[in-house]
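First comes the structure, then the notes that go with it.
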Amino acid sequence: MCCRYLLLREHLNKMLEQLGVRGVSELASRYNIAPGTKIPAVRTARPKADVRELVSLRWGLVPAWSKNDEPGAGLVNARAESLEGKPSFREAFDSRRCLIPASGFYEWKALGRSRQPWLFQLRDAQPFFLAGLWESWLAPDGGRLETCAVITTEPNQLMQPIHHRMPAILPTRVVERWLDPAAKSAGLREFLAIFPASEMQARPVSSRVNSVVNDDEGCIAAADTQTGASDDQLAWDL
DNA sequence: CCAGACGTTGTT
DNA sequence: GTCTGG
DNA sequence: CCAGACGTTGTT
DNA sequence: GTCTGG
């Protein structure tokens, strides 16, 4: 991803239940979630630090100090390597971390002039949480705009042949601590370690996912063998 | 000191 | 080529 | 991330 | 708001 993912309804509800977030989401399964749109996220409620809440945030972070209109759609990604140094991320990393539930994400591999989308999932297609940051921006007209960004890391061995960055996947054991307001940045950085390739799987999918107007199961259908993805599959061995 | 940027991605 | 919208 | 637009005037 | 460049 850095910029496109999927989230199945049953996965979201299962994860919310495990986190103790009240209520069942009415969200329908999504197969093509894109930047600039509202996405589901879980964050620590305020002022009750022990309560998690499900919120809808626009994907594209706008720092609180931004002037007038937000530039473009905001910052879609935040490099794990820069979280503490960059003014745009520092405060959010300190105190506004969130979880972005996902069933899988897409990355495009350049193939000459064209690009082949690949679907990345955990083994057994289990859902997971991506590490995110959120912000609340006060618009000139007094309105509030709540936004978020997905943190990225260097690629693991599975991603390496496809792309040079990947979203930060939080291991299950650190999910609660990622939301803990008392967590220290030194510890938090460890949570963003490159996720083990051995716990993931990937396969080329239909170019139907290229266009955001397509948001259905066709997006995760196997790629046409015509597209040239087969050569990559042969080289697929960790 | 003030002014102006503040970010990532990919591609060339 | 570059920006915007989804 | 990819796809698709990218512009103004005046007239209907 | 805070950092960087001049």
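Every chain is numbered from 1 and lettered A, B, ... according to where its sequence line falls, protein lines coming before strand lines.
- Following rounding to the nearest Å, A:Glu135 (CD) and E:dG1 (P) show an atom-to-atom distance of 13 Å.
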Hey, can you pull the donor-acceptor pairs under 3.5 Å for the side chains in residues 10-17 of chain A, sequence neighbours left out?
residue : atom : partner  : partner atom : Å
A:His11 : ND1  : A:Ser103 : OG           : 2.7
A:Asn13 : OD1  : A:Ser25  : N            : 2.8
A:Lys14 : NZ   : A:Gln126 : OE1          : 2.7

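- Across the protein-nucleic acid pair, A:Trp59 atom CH2 and B:dT8 atom P stand 15 Å apart, rounded to whole Å.
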Enumerate all atom pairs, one protein N or O and one N or O from nucleotides 3-6 of chain E, separated by less than 3.5 Å.
none

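- A:Leu27 has its side chain within reach of A:Pro40: a pair of non-hydrogen atoms, C-beta onward, lies under 4.5 Å apart.
- A:Glu81 is linked by a salt bridge (Lys or Arg N to Asp or Glu O under 4.0 Å) to A:Arg79, A:Arg165, counting only residues two or more places apart in sequence or in another chain.
- One finds a side-chain N or O of A:Lys86 lying less than 4.0 angstrom from the OP1 or OP2 phosphate oxygen of B:dG7.
- Closest approach of A:Leu192 and A:Ala168 over heavy atoms only: CD2-CB, 3.9 Å.
- Counting to the nearest Å, the P atom of B:dG7 and the CG atom of A:Leu75 are 8 Å from each other.
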Can you give me the dot-bracket string for DNA chain B, 5' to 3', counting Watson-Crick and G-U wobble pairs with both distances under 3.5 Å, using [ ] for crossing pairs and | for partners on another strand? ||||||......
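- Side-chain contacts under 4.5 Å among hydrophobic residues (ILVMFWY), followed directly or transitively, place A:Val212 with no other residue at all.
- Between A:Phe89 atom CZ and E:dT2 atom P there is a gap of 17 Å when expressed in whole angstrom units.
- Pairs of residues two or more places apart, or lying in two chains, that qualify as side chain to side chain donor-acceptor pair (under 3.5 Å) and include a residue from residues 166-180 of chain A are A:Arg52-A:Glu176.
- In this structure, the nucleotide among B:dT9, D:dC1, B:dT8 sitting nearest to the side chain of A:Pro35 is D:dC1.
- Between the CD1 atom of A:Ile151 and the P atom of B:dT9 there is a distance of 12 Å, rounded to whole Å.
- For A:Arg9, the CZ atom counts as densely surrounded, since its 6.0 Å shell holds more than 12 non-hydrogen atoms of other residues, nucleotides or ligands.
- Between the C1' atoms of D:dC2 and B:dT8, the separation comes to 16 Å (whole Å).
- Look at CH2 on A:Trp65: it is 16 Å from P on B:dG4, rounded to the nearest Å.
- Side-chain nitrogen and oxygen atoms of A:Thr152 include at least one within less than 4.0 Å of the OP1 or OP2 phosphate oxygen of B:dT9.
- When the P atom is compared between B:dT12 and D:dA3, the two are found 16 Å apart, to the nearest whole Å.
- C:dC3 and B:dC6 have their P atoms separated by 15 Å, with the value rounded to a whole Å.
- One atom, CZ of A:Arg208, and another, P of D:dC1, lie 22 Å apart when rounded to the nearest Å.
- Taking atom CG of residue A:Asn214 and atom P of nucleotide D:dC1, one finds them 19 Å apart after rounding to whole Å.
- Taking atom C1' in both C:dG1 and D:dT11, one finds a spacing of 33 Å when rounded to whole Å.
- Taking the side chain as every heavy atom from C-beta outward, A:Leu158 and A:Phe195 never approach each other to under 4.5 Å.
- Taking only side-chain nitrogens and oxygens, A:Asn210 comes nearer than 4.0 Å to OP1 or OP2 of D:dA3.
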For a side chain to side chain contact (heavy atoms under 4.5 Å, CB included) check, start with the C-alpha distance between A:Arg96 and A:Arg43, then their side-chain angles and the critical distance, and finish with the verdict. CA-CA 8 Å; A:Arg96 285 182 296 279; A:Arg43 69 182 178 191; over 6 Å; no
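- Going from the P atom of E:dT2 to that of B:dT9 covers 25 Å, rounded to whole Å.
- More than 12 heavy-atom neighbours from other residues, nucleotides or ligands sit within 6.0 angstrom of CD on A:Gln18.
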